[in-house]
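Atoms within each ligand, like the ligands themselves, are counted from 1 in listed order.
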Amino acid sequence: MAEEHPKTSELPEDVETDDCMTSYTYIYSPDLLKDKVAIITGGGSGIGFRIAEVFMRHGCDIVIGSRNLERLTEASKKLIAATGRRCLAVAVDVRQPETISAAVEETLKEFGRIDILINNAAGNFLCPATSLSFNAFKTVIEIDTMGTFNASKVVYERWFKDHGGSIVNISATLGYKGQALQVHAGSAKAANDAMTRHLAVEWGPSGVRVNTLAPGPISGTEGYRRLGGLSAETSGVFQTIPLQRAGNKTEMAHGVLFLASRASSYVTGACLVADGGSWLTSANNLTALLDYWSAGLKRDK
Ligand code: HXC
Ligand code: NAP
């Protein structure tokens, strides 16, 4: 068994499943988001769920929105029980602006304000470009890129334009060196990174900050499972990452908390890469990823 990394004792708590943490050590002031209201797309699972939990632990009320209302409702019950804050679950498909508008109206009716929007909803899978259908590429662009634009525009026009606010887009580092089997998600996230800068410029005068957090491989998530994180973990691939491990969801939530809150009041148009230095050193091995992908296809048959 590998020796425990000396610094792992300093990592924030996390649990692998979509459950709340059994203990939590504050790094920021516990009232950093007191009585703020945040909308988190895709907040019922993975990184979005942990962002919701950490925000609520800092005094925020939350709206989580995605397609699967049953899972969202379950998630909101867990979040309320663990934090004592309010959490509203609403059905949203970020590809359909009218569902976002309805969620925004529901948020304003319930909470009377919106301070933060986290664009976290995304769809992804490994697939080489030649096997990717036109519709598959379009689907990922529609969820990741258009979904981020749709939610940002609806929230800005309905509330942020007159009250200010903070938007954090959850990106990825896939596009930085053309990650194999990821042309769809890498292209979508690269567009989002540009969108962060464009909207920061246009909406700054209204008191709106727009920033990005770009995670690396984060354990206990659907993205990790789909993109081969478990296999990378067992085969020692993470030793090539400067920090020699995958990240955890709470680490991502802390980065987002920084960007969303007054802790970063003079930061806009920025991208915080939170990947342990992964993109700088990790292999971009087309042959190995093709093997991994085709083995998965055989398994799924
Ligand atoms: C190739 C695929 C595919 C796959 C779907 N498609 N899955 N193609 N490989 N594994 C194709 C379908 O055949 C179809 O094309 C088109 O994509 C749309 O598929 P639908 O199932 O109709 O789409 P939809 O129901 O809208 O679902 C969207 C989805 C799905 C993205 C395909 O997987 C989803 O809902 N994902 C949400 C959860 C998720 O992906 N979480 C991980 C995020 S992680 P045709 O031509 O047949 O019509 C992440 C990590 C980033 O983003 C970075 C990590 C390092
Ligand atoms: P996840 O749990 O699958 O999160 C994605 C969320 O998006 C789900 O809750 C899903 O909920 C929602 N969603 C998908 N399509 C949607 C749509 N059309 N409308 C509304 N909501 C939709 O995966 P995750 O790994 O935690 O990923 C979270 C974010 O981190 C994503 O932006 C991802 O790209 C990014 N990221 C993750 C990793 C990683 O290692 N996990 C690395 C880099 C970046 P429904 O199914 O209910 O709609």
Next on the checklist: Using 30° and 60° as the class boundaries, would you call the ring planes of Y26 and Y24 parallel, tilted or perpendicular?
Outcome noted: perpendicular
Next on the checklist: Any nitrogen or oxygen of I47, side chain or backbone, less than 3.5 Å from one on ligand 2?
Outcome noted: yes
Next on the checklist: Tell me the protein heavy atom at minimum distance from atom 32 (C) of ligand 1, and give that distance in Å.
Outcome noted: F125 CE2, 3.8 Å
Next on the checklist: Give me the residue, atom name and distance of the protein heavy atom closest to atom 31 (C) of ligand 2.
Outcome noted: N120 O, 3.2 Å
Checklist entry - Between I218 and ligand 2, is there a nitrogen or oxygen pair with a distance under 3.5 Å? => result yes
Checklist entry - What protein heavy atom is closest to atom 31 (C) of ligand 1, reported as residue, atom name and distance in Å? => result G123 CA, 3.6 Å
Checklist entry - Is there a protein heavy atom less than 4.0 Å away from atom 29 (C) of ligand 1? => result no
Checklist entry - Polar-atom distance check: G43 versus ligand 2, any N or O pair below 3.5 Å? => result no
Item to check | H163 atom NE2, over 12 foreign heavy atoms within 6.0 Å | outcome: yes
Item to check | Test item: protein heavy atom less than 4.0 Å from atom 16 (C) of ligand 1 | outcome: yes
Item to check | Verify same cluster id: L199, V94 (apolar side-chain graph, 4.5 Å) | outcome: yes
Checklist entry - Considering only protein heavy atoms, which is closest to atom 14 (C) of ligand 1, and at what distance to one decimal place? => result N135 ND2, 3.9 Å
Next on the checklist: Using a 4.0 Å heavy-atom cut-off, which part of K249 comes near ligand 2: side chain, backbone, both, or neither?
Outcome noted: neither
Item to check | Protein heavy-atom partner closest to atom 33 (O) of ligand 1 - residue, atom, separation in Å | outcome: R226 NH1, 2.8 Å
Checklist entry - G216 near ligand 2, heavy-atom distance under 4.0 Å? => result yes
Checklist entry - Which residue supplies the protein heavy atom nearest to atom 43 (C) of ligand 2, what is that atom called, and how far is it? => result P215 O, 3.4 Å
Next on the checklist: Just to check, does R226 reach to within less than 4.0 Å of ligand 2 when the distance is taken from its heavy atoms?
Outcome noted: no
Next on the checklist: Do V15 and I47 land in one hydrophobic cluster if side-chain heavy atoms of ILVMFWY residues count as linked below 4.5 Å?
Outcome noted: no
Item to check | Q182-N124 side chain donor-acceptor pair, cut-off 3.5 Å | outcome: yes
Checklist entry - With a cut-off of 4.0 Å, which atoms of ligand 1 are near a heavy atom of S133? => result 15 (O), 45 (P), 46 (O)
Checklist entry - To which protein heavy atom is atom 2 (O) of ligand 2 closest, and what is the distance rounded to 0.1 Å? => result S45 OG, 2.6 Å
Checklist entry - Does the protein put a heavy atom less than 4.0 Å from atom 7 (N) of ligand 1? => result yes
Next on the checklist: Using a 4.0 Å cut-off to any heavy atom of C127, which atoms of ligand 1 qualify?
Outcome noted: 1 (C)
Checklist entry - Are any of the N or O atoms of A172 closer than 3.5 Å to those of ligand 2? => result no
Checklist entry - Heavy atoms only: which of R67, E142, E222, K189 is nearest to atom 41 (N) of ligand 1? => result E222
Checklist outcome for this item: If we number the atoms of ligand 1 from 1 as shown, the ones under 4.0 Å from a heavy atom of R95 are 26 (O)
Next on the checklist: Determine whether any protein heavy atom is located less than 4.0 Å from atom 26 (O) of ligand 1.
Outcome noted: yes
Checklist entry - Where the closest heavy atom to atom 40 (O) of ligand 1 is concerned, which of N124, L181, N120 has it? => result N124
Item to check | Within reach of ligand 2, part of M252 (heavy-atom separation under 4.0 Å) | outcome: neither
Checklist entry - Which of parallel (below 30°), tilted (30 to 60°) and perpendicular (above 60°) describes W203 and Y156? => result parallel
Item to check | Joint cluster assignment, I116 & L108, ILVMFWY side-chain distance < 4.5 Å | outcome: no
Next on the checklist: Checking a contact table here: which protein heavy atom is nearest atom 18 (C) of ligand 1, and how many Å away?
Outcome noted: T139 OG1, 3.4 Å
Item to check | atom 44 (C) of ligand 2: the protein heavy-atom neighbour that sits closest, reported with distance to 0.1 Å | outcome: S171 O, 3.1 Å
Next on the checklist: I need the contact type for L174 against ligand 1. Using non-hydrogen atoms and a strict under-4.0 Å cut-off, is it side chain, backbone, both or neither?
Outcome noted: side chain
Item to check | E16/K249 ion pair, N-O < 4.0 Å | outcome: no
Checklist entry - Should the heavy atoms of other residues, nucleotides or ligands under 6.0 Å from CZ of F149 be counted, would the total exceed 12? => result no
Checklist outcome for this item: Closest heavy-atom approach to atom 5 (C) of ligand 2 among A103, A122, A274 is made by A122
Checklist entry - Would the number of heavy atoms belonging to other residues, nucleotides or ligands and lying under 6.0 Å from CD of E98 be above 12? => result yes
Checklist entry - Counting only heavy atoms, which portion of P217 has something under 4.0 Å from ligand 2: side chain, backbone, both, or neither? => result backbone
Item to check | Part of L227 with heavy atoms under 4.0 Å of ligand 2, whether side chain, backbone, both or neither | outcome: neither
Checklist entry - Side chain or backbone of I143 under 4.0 Å from ligand 2, or both, or neither, by non-hydrogen atoms? => result side chain
Item to check | Per-atom contact, atom 44 (S) of ligand 1, protein heavy atoms, under 4.0 angstrom | outcome: yes
Next on the checklist: Just to confirm my output: which protein heavy-atom neighbour is closest to atom 20 (C) of ligand 2, and how far is it?
Outcome noted: V92 O, 3.3 Å
Checklist entry - Nearest protein heavy atom to atom 34 (O) of ligand 2, by residue and atom, and its distance? => result K189 NZ, 2.9 Å
Checklist entry - Going only through I, L, V, M, F, W and Y residues with side-chain contacts under 4.5 Å, is there a path from I62 to L259? => result yes
Checklist entry - When you look for heavy atoms under 4.0 Å from ligand 1, do you find them on the side chain of L227, its backbone, both, or neither? => result side chain
